[in-house]
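Any value given below was found using the heavy atoms of this structure, including those in side chains, with hydrogens, waters and symmetry copies removed. Counting convention: from 1, in listed order, for ligands and their atoms alike.
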Amino acid sequence: MSEDINVSDNSVNAVDRPNETHKIIVTIDGPAGAGKSTVARAAAKRIGLPYLDTGALYRGVAWRMNKDGINADEGSLMSEVLTTFKLEQRNGKLFADGVDITSHIRTPEIDRLVSVYAARPEVRNALVDLQRSQAVNGLVADGRDMGTVVFPEAELKIFLTASAEERARRRCDERIARGEKNVNYDEVLRQVIERDRYDMEREIAPLRPAQGCIILDTTDMSIEEVIDAVTSLAKEFMRQ
Ligand code: CDP
């Protein structure tokens with residue numbers, strides 16, 4: 001995705017796509033650490049569709065609110081910030097008002113805060129419109145509510161999951177690979193379970209499998225096997 005995404009842009013309320021078979025929408029939802037971003041990014045590249053990482057957008061908003069000292073119960077202050085706040089995803093990086101914040105959004109602090117901001121209607125409304133505006137040429141989008149709320153008309157909807165223990169292990173490996181020290185498995189497992197509970201129990205757009213989705217339990221699959229499975233499913237739909 002190369003164009004600017006302005007979180008205040010709510011001009012697009014529905015996806016208006018040209019009727020071309022290769023411009024399909026693929027949604028990948030699921031709990032924390034299921035491998036959605038890795039799978040969605042790789043599958044999008046193989047299929048030749050843009051990739052939208054909606055978790056990064058929610059993380060970008062949480063980063064900004066936290067930086068400004070705005071709590072999740074301060075709705076009007078949040079709305080004020082969101083009217084001018086500009087997020088842009090480019091080459092796998094996230095820019096906030098032109099500044100690269102990629103290394104600031106996947107920290108333990110943002111992990112802890114993001115779901116609380118993501119449960120707020122002010123934040124969800126701003127980001128849902130923004131996400132829909134990105135789908136004109138088809139896309140692969142991953143998150144929590146892609147198949148249920150944002151793109152219920154998607155050609156292919158996948159719910160990616162794995163046991164909490166396996167997801168915590170993957171999240172620990174990711175952090176160690178990023179060079180983090182003192183990664184504690186029990187603490188990561190506790191946070192993964194807590195964030196899932198928060199995302200599943202919220203009132204707006206709770207995490208759950210979309211109607212008509214394909215559920216992929218990846219506990220005993222390698223990431224390559226999951227990418228292959230998603231890619232071949234998408235190619236089937238592109239041929240239809
Ligand atoms: O990568 P991981 O699964 O840990 O999380 P993420 O996809 O980066 O999403 C971070 C958080 O943003 C989630 O725990 C949700 O609270 C929120 N989120 C959401 O509410 N809706 C989305 N479509 C995507 C993320």
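- Of the N or O atoms in D199, one or more lie within a sub-3.5 Å distance of an N or O in ligand 1.
- In this structure, D145 CG and I204 CD1 are separated by 10.5 Å, a value rounded to the nearest 0.5 Å.
- Proximity of R202 to ligand 1, defined as any heavy-atom pair under 4.0 Å, is confined to the side chain (atoms from C-beta onward).
- Residues Q89 and Y51 have side chains not in contact (no heavy-atom distance under 4.5 Å, counting atoms from C-beta outward).
- Which of G33, G35, A141, G55 comes nearest to atom 6 (P) of ligand 1 through a heavy atom is settled by distance: it is G55.
- With hydrogens and angles ignored, the 3.5 Å screen pairs no side-chain donor or acceptor of N71 with any backbone N or O of D73.
- For atom 20 (O) of ligand 1, the nearest non-hydrogen atom from the set R195, R124, M146, R144 comes from R124.
- Near A118, meaning under 4.0 Å from one of its heavy atoms, ligand 1 places the atoms 16 (O), 17 (C), 20 (O).
- By the 3.5 Å distance cut-off applied to N or O atoms, D53 is not counted among the residues near ligand 1.
- S37 and R106 form no side-chain donor-acceptor contact under 3.5 Å, judged by distance and modelled atom types alone.
- Side chains of R59 and D111 form a contact here, defined as non-hydrogen atoms less than 4.5 Å apart.
- Assignment of Q131 to the shell around ligand 1 is not supported, since no heavy atom sits closer than 4.0 Å.
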